[in-house]
Protein chains: 2
Amino acid sequence: MTKLPSKRKTTAEIYQLIRNKITSFEMFPGDRVTEHELADLFEVSRTPVREALKRLEVEGFVSVRPKHGCFIRDFDIVELAEYYDIRIALEQLAVEHACESMPDKLVKQAMEAWDPARHDDDMARGIDLSVKDEAFHIGLAEGAQKPMLADMLRSINNRIRIIRRLDINADNRSLRTYREHFEVLQHILNRDAGKAKLAIKRHILRSRDFAKTLTLTALAQKKAQIRAGNTR
Amino acid sequence: MTKLPSKRKTTAEIYQLIRNKITSFEMFPGDRVTEHELADLFEVSRTPVREALKRLEVEGFVSVRPKHGCFIRDFDIVELAEYYDIRIALEQLAVEHACESMPDKLVKQAMEAWDPARHDDDMARGIDLSVKDEAFHIGLAEGAQKPMLADMLRSINNRIRIIRRLDINADNRSLRTYREHFEVLQHILNRDAGKAKLAIKRHILRSRDFAKTLTLTALAQKKAQIRAGNTR
DNA sequence: CGATGCAGTGTTGTATACAAGCGGTGCATG
DNA sequence: CATGCACCGCTTGTATACAACACTGCATCG
């Protein structure tokens, strides 16, 4: 977040900036913003703001009411659960295909990366676990050579991130993640689709429960904060 | 396609127009178009064309290379198969949830609509089967009260339609569609998730094979046409 | 003869000006 | 006092002008 002497910003940058403002709770669900405000704020014209908002709209971050304004979309925990359900279905499919066609070499590479023995070292080196985690799940679909499936998982992750705004880093669940990922990979290496599918399902279910509680507490905290210092 | 005396067109209309040009093979995969061309063609400014293209890009119809132009996206049959696989996974999920929570009333309504006895009558009345078919599949997810799942199915259908450009109407498979849909609904009414999932899987697999051959022949025909009257 | 620099042209990216539509406010009227 | 209606401001939708950049082709130099 260094503030370089305001060079001309591009649409992609505006998109990121707004997205950050939403996910970091700087803009709260239900808030209304206008294209003009954002344009002034970022010191660009309305055009790139508009394009960024369009993109954010299809991704579900905001909804723009014609001639009226742009609203930060609300979300609910039911929606989150639904997305995790969908993830289970899709990732079981990915794992199944991976058992059939993911090359041993790739599987072994992934196993190295997720060897539980590496956990402490990774943590010490400040690896961003949320990024690594996402790469794992997408990687299964890509390893199975299902690019469209991978795309779809990416877009679901985008939407989940809207809801689950916290990163997975600072929790005590990280070692468990290594173990669970490693287990899935072992089953894939053994070409045991049944076990692999079960393992990935259990893993995602656990992530879901974890994400749910985490989100609820964070949201409650934020709401309390706002209620306390009602400076808007 | 009536050509009203060119009233001012809106972004949504431009979107539809371009989309039609693509799906009807008026623009062929690999073709390059510029925003300016399209703007002139439709007699609007570049702005709405640009927005329409952005939308078409996220939906996979075109890909715009920065500062270079906009290209009609190519596709391949492997991609099609992958989407059908994904559909199987998602629709099995939808059916499973439908068995749990879709109200009897909705199921019976759908059964009425898909009663094989109705087939001839529907055909005589010129019902658009492709629309009705899509409504069935989406309807299962909606009936199970999984709006996000329904959304996802919609977007997959969009992408499948890019590839499978022909409508399902003029074929000899329509009665079979009625029977297969009816069977799925029967299982849902009986709350037999196992059988329902199997039935929907078989149904989609059959659609897939059908779509594949249909697309291949249509594409071949079109290519032959172009090769014959090479008027570009 | 080949490679490389360089300018020209065409395309998208961005800024700005103008049009159109919706909502709210305030006034007039019953 | 309630209600309808007109006007005004604010917001998005569209048009146009300008900027920046990538590719192409040619000329020039090794």
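Note that these values count all heavy atoms, side chains included, but never hydrogens, waters or copies made by symmetry. Everything numeric here is computed off the predicted structure, so don't read it as measured data. Here is how names work: the chains are called A, B, and so on, in the same order as the sequence lines, proteins then strands, and each is numbered from 1.
- At whole-Å resolution of the value, NE2 in B:H36 and C1' in C:dG10 are 11 Å apart.
- In this structure the side chain of B:W114 reaches within 4.5 angstrom of the side chain of B:T177, judged on heavy atoms.
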request  = Let me have a per-nucleotide readout for nucleotides 13-21 of chain C, 5' to 3', with B, S or -, counting only protein heavy atoms under 4.0 Å.
outcome  = BBBBB--BS

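- Pairs engaging residues 48-65 of chain B under the side chain to side chain donor-acceptor pair (under 3.5 Å) rule: A:R50-B:E51, A:E51-B:R50, A:E51-B:K54, A:K54-B:E51, B:Y15-B:E59, B:E35-B:R50 [sequence neighbours left out].
- Put simply, the side chain of A:R87 does not reach to within 4.5 Å of the side chain of A:L90, judged on heavy atoms.
- The side-chain contact (heavy atoms from CB on, under 4.5 Å) search around B:E142 returns B:I138, B:A150, B:R154, not counting sequence neighbours.
- Look at CZ on A:R65: it is 18 Å from P on D:dC10, rounded to the nearest Å.
- As a whole-Å value, the separation of B:R32 CZ from D:dC23 P is 11 Å.
- Contacts of B:H203 classified as ring pair (Phe, Tyr, Trp, His ring centres under 6.0 Å), with partners at least two apart in sequence or in another chain: B:H137, B:H181.
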task = Under the side chain to side chain contact (heavy atoms under 4.5 Å, CB included) rule, what do A:L38 and A:R46 come out as? Steps first, then yes or no, please.
result = CA-CA 8 Å; A:L38 292 170; A:R46 271 181 53 221; over 6 Å; no

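- For B:K21, the salt bridge (Lys or Arg N to Asp or Glu O under 4.0 Å) test picks out B:E26, with sequence neighbours left out.
- One atom, CG of B:D40, and another, C1' of C:dT11, lie 14 Å apart when rounded to the nearest Å.
- Contacts of residues 55-62 of chain A with DNA chain C (heavy atom under 4.0 Å): none.
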request  = Would you please test A:E134 and A:R161 for salt bridge (charged side-chain N to carboxylate O under 4.0 Å, His left out) and show each step?
outcome  = CA-CA 11 Å; A:E134 212 162 304; A:R161 264 200 305 267; 2.6 Å; yes

